[in-house]
Amino acid sequence: MLAPDEPPSFELVNGGGRARTVLTCDHASPRLPRRLGDLGVSEADRFTHIGWDIGAALVARRLAALVDAPLVLSGYSRLAIDCNRPPGSPTSIPEMTGGVEVPGNRGLDPASAAERAEALFWPYHNAVEALLDRRAAEGWPTCLIAVHSFTPSLLGQARPWRAGLLYNRDRRLADLFREALAREPGMVVGDNEPYRVTDGGDFTIPVHGERRGIPHVLFEIRQDEIGEPAGVEAWAGRLAALVREAEARLFGA
């Protein structure tokens, strides 16, 4: 699937970071493997939200630097295979997304879908698993934060939330973040909005967070908040403060 001169399917940043938090970015890149061509999608569309989470990787990288956290980023576009969807699910390799057809995904046979998963999906998640396993073996307490972004409007409906806290059964970290963000005037935060985490529709939080029993949250930031460097810096700084406070309250000073 990937030629020797193409970037790998994931990037590990600051793997030895000593924060008590691990960061992931499931939709970090709009890149497509050369072998897949453009999947029949225009470059303009590939660089919108259907191809990646705009600004999320920039925030995640800056946050990792501010709190000394390890970060794992996906290497390729969600159009090739979505790293936050269970393989085989209807949205794992979408034939249509955000109202845009993806001809290169239409009628994909099981062997081709499995090849994409082996090349792009599993290496990313194996890297997350290996990082969490190592920290557990060292006895290092860990929270998991998956950094995402969302569009300011969907199907003509404005989304009022500046950020969203997504979870399923375990709301420990989401509650701590919500409490802290509520102190900031004008901060509108979605509680399982604009999406929610489910077993059938998500992968990172159910598998790496819930199954391990570690505190976790999928953190969504509205894309117009992080479209410029100043916004990226502001949100990374805000998240750094949230992380430090949550770590202290969950694990002690």
Side-chain angles (χ1 to χ4, degrees), residues 10-28 53 56-74 83-84 122-149 163-184 187 189-192 195-199 202-221 235-253:
F10 70 91
E11 181 183 355
L12 175 62
V13 174
N14 194 31
R18 303 309 288 170
R20 289 168 289 182
T21 296
V22 165
L23 306 173
T24 64
C25 192
D26 300 325
H27 305 138
D53 277 3
L58 294 173
V59 173
R61 289 179 186 277
R62 183 61 180 139
L63 175 59
L66 288 172
V67 299
D68 190 27
L71 163 65
V72 187
L73 304 107
S74 65
C83 282
N84 191 39
W122 290 115
Y124 169 71
H125 283 289
N126 290 343
V128 177
E129 182 177 33
L131 177 60
L132 292 170
D133 282 347
R134 176 174 59 78
R135 290 169 65 92
E138 294 173 354
W140 198 250
T142 298
C143 295
L144 174 66
I145 301 175
V147 181
H148 288 246
S149 70
L165 299 166
L166 279 56
Y167 54 92
N168 190 5
R169 301 170 185 88
D170 183 347
R171 57 186 300 155
R172 285 175 290 172
L173 194 54
D175 283 347
L176 290 176
F177 277 18
R178 186 181 302 102
E179 178 185 331
L181 287 167
R183 303 180 202 130
E184 186 171 339
M187 179 58 68
V189 179
D191 183 358
N192 268 335
Y195 311 105
R196 66 175 301 119
V197 171
T198 65
D199 292 332
D202 294 81
F203 192 92
T204 299
I205 291 298
V207 171
H208 300 302
E210 286 195 335
R211 289 185 189 176
R212 288 177 181 269
I214 61 175
H216 54 264
V217 71
L218 192 158
F219 197 93
E220 293 266 8
I221 308 169
W235 267 104
R238 185 179 284 118
L239 274 167
L242 295 177
V243 166
R244 294 185 187 107
E245 180 177 343
E247 288 183 350
R249 292 180 64 177
L250 287 167
F251 306 126

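Values below: all heavy atoms of this structure, side chains included; hydrogens, waters and symmetry mates excluded. All values reported here derive from a predicted model rather than from experimental measurement. Numbers here simply count residues along the sequence, with the first being 1.
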- Item | Closest non-hydrogen atom pair between Ala146 and Thr204, with its separation | CB-CG2, 4.4 Å
- Phe203 and Cys83: which non-hydrogen atoms are nearest, and at how many Å? CB-O, 4.4 Å
- What's the spacing between Ile145 CD1 and Leu23 CG if we round to 0.5 Å? 6.0 Å
- Query: Heavy atoms, side chains only, cut-off 4.5 Å: are Arg172 and Leu176 in contact?
  - Reply: no
- Does the gap between the ring centers of His208 and His125 come in under 6.0 Å? yes
- Determine the minimum heavy-atom distance between Pro215 and Asp170, stating which atoms define it. CA-OD2, 4.5 Å
- Note on the structure: dist Glu210:CD -> His216:NE2 (nearest 0.5 Å) comes out at 4.5 Å
- Using the six-membered ring of Trp140, assess whether NZ or CZ of Arg134 lies under 6.0 Å from its centre and within 45 degrees of the ring axis. no
- Test side-chain contact (heavy atoms from CB on, under 4.5 Å), reference Asn14, set Val67, Asp68, Leu71, output is Asp68
- Report yes or no: does Glu220 contribute a side-chain atom to a donor-acceptor pair with the main-chain N or O of Leu166 at less than 3.5 Å? no
- Query: Is there side-chain contact between Thr24 and Leu144, with at least one heavy-atom pair below 4.5 Å?
  - Reply: yes
- Message: Set out, in order, the CA-CA distance, both residues' side-chain angles and the distance that settles side-chain contact (heavy atoms from CB on, under 4.5 Å) for Val207 and Glu129, then state yes or no.
- Response: CA-CA 9 Å; Val207 171; Glu129 182 177 33; over 6 Å; no
- Query: Between CD1 of Ile205 and NE2 of His148, what distance do you get to the nearest 0.5 Å?
  - Reply: 7.5 Å
- Item | Side-chain heavy atoms of Arg171 within contact of Leu165, under 4.5 Å | no
- Item | Leu250 and Pro141, any side-chain heavy atoms less than 4.5 Å apart | no
- Do the side chain of Ser74 and the main chain of Ala28 share a donor and acceptor less than 3.5 angstrom apart? yes
- Task: Taking all heavy atoms of Pro70 and all of Thr21, pick out the closest pair and write down the distance.
- Result: CD-O, 3.4 Å
- Task: Measure from the side-chain N and O atoms of Asn192 to the backbone N and O of Tyr167, and report whether any donor-acceptor pair falls under 3.5 Å.
- Result: yes
- Message: If I take atom CG from residue Asp202 and atom OH from residue Tyr195, how far apart are they, to the nearest 0.5 angstrom?
- Response: 11.0 Å
- Least distance between heavy atoms, Pro123 atom then Phe10 atom: O-CD2, 3.5 Å
- Query: Got Leu239 and Ile221 here, is their nearest side-chain heavy-atom distance under 4.5 Å?
  - Reply: yes
- Query: Is Glu138 salt-bridged to Arg18, going by a charged N under 4.0 Å from an acidic O?
  - Reply: yes
- Can you find a pair of side-chain heavy atoms, one from Arg212 and one from Thr142, that are under 4.5 Å apart? no
- Trp235 versus Leu63: any side-chain heavy-atom pair under 4.5 Å? no
- Taking it one step at a time, do Arg211 and Asp199 satisfy salt bridge (Lys or Arg N to Asp or Glu O under 4.0 Å)? CA-CA 11 Å; Arg211 289 185 189 176; Asp199 292 332; over 6 Å; no
- Message: I need the Glu179 CD to Asp175 CG distance, nearest 0.5 Å.
- Response: 8.5 Å
- Where is the tightest heavy-atom contact between Phe177 and Ala246, given as atom of each residue plus distance? CE1-CB, 3.8 Å
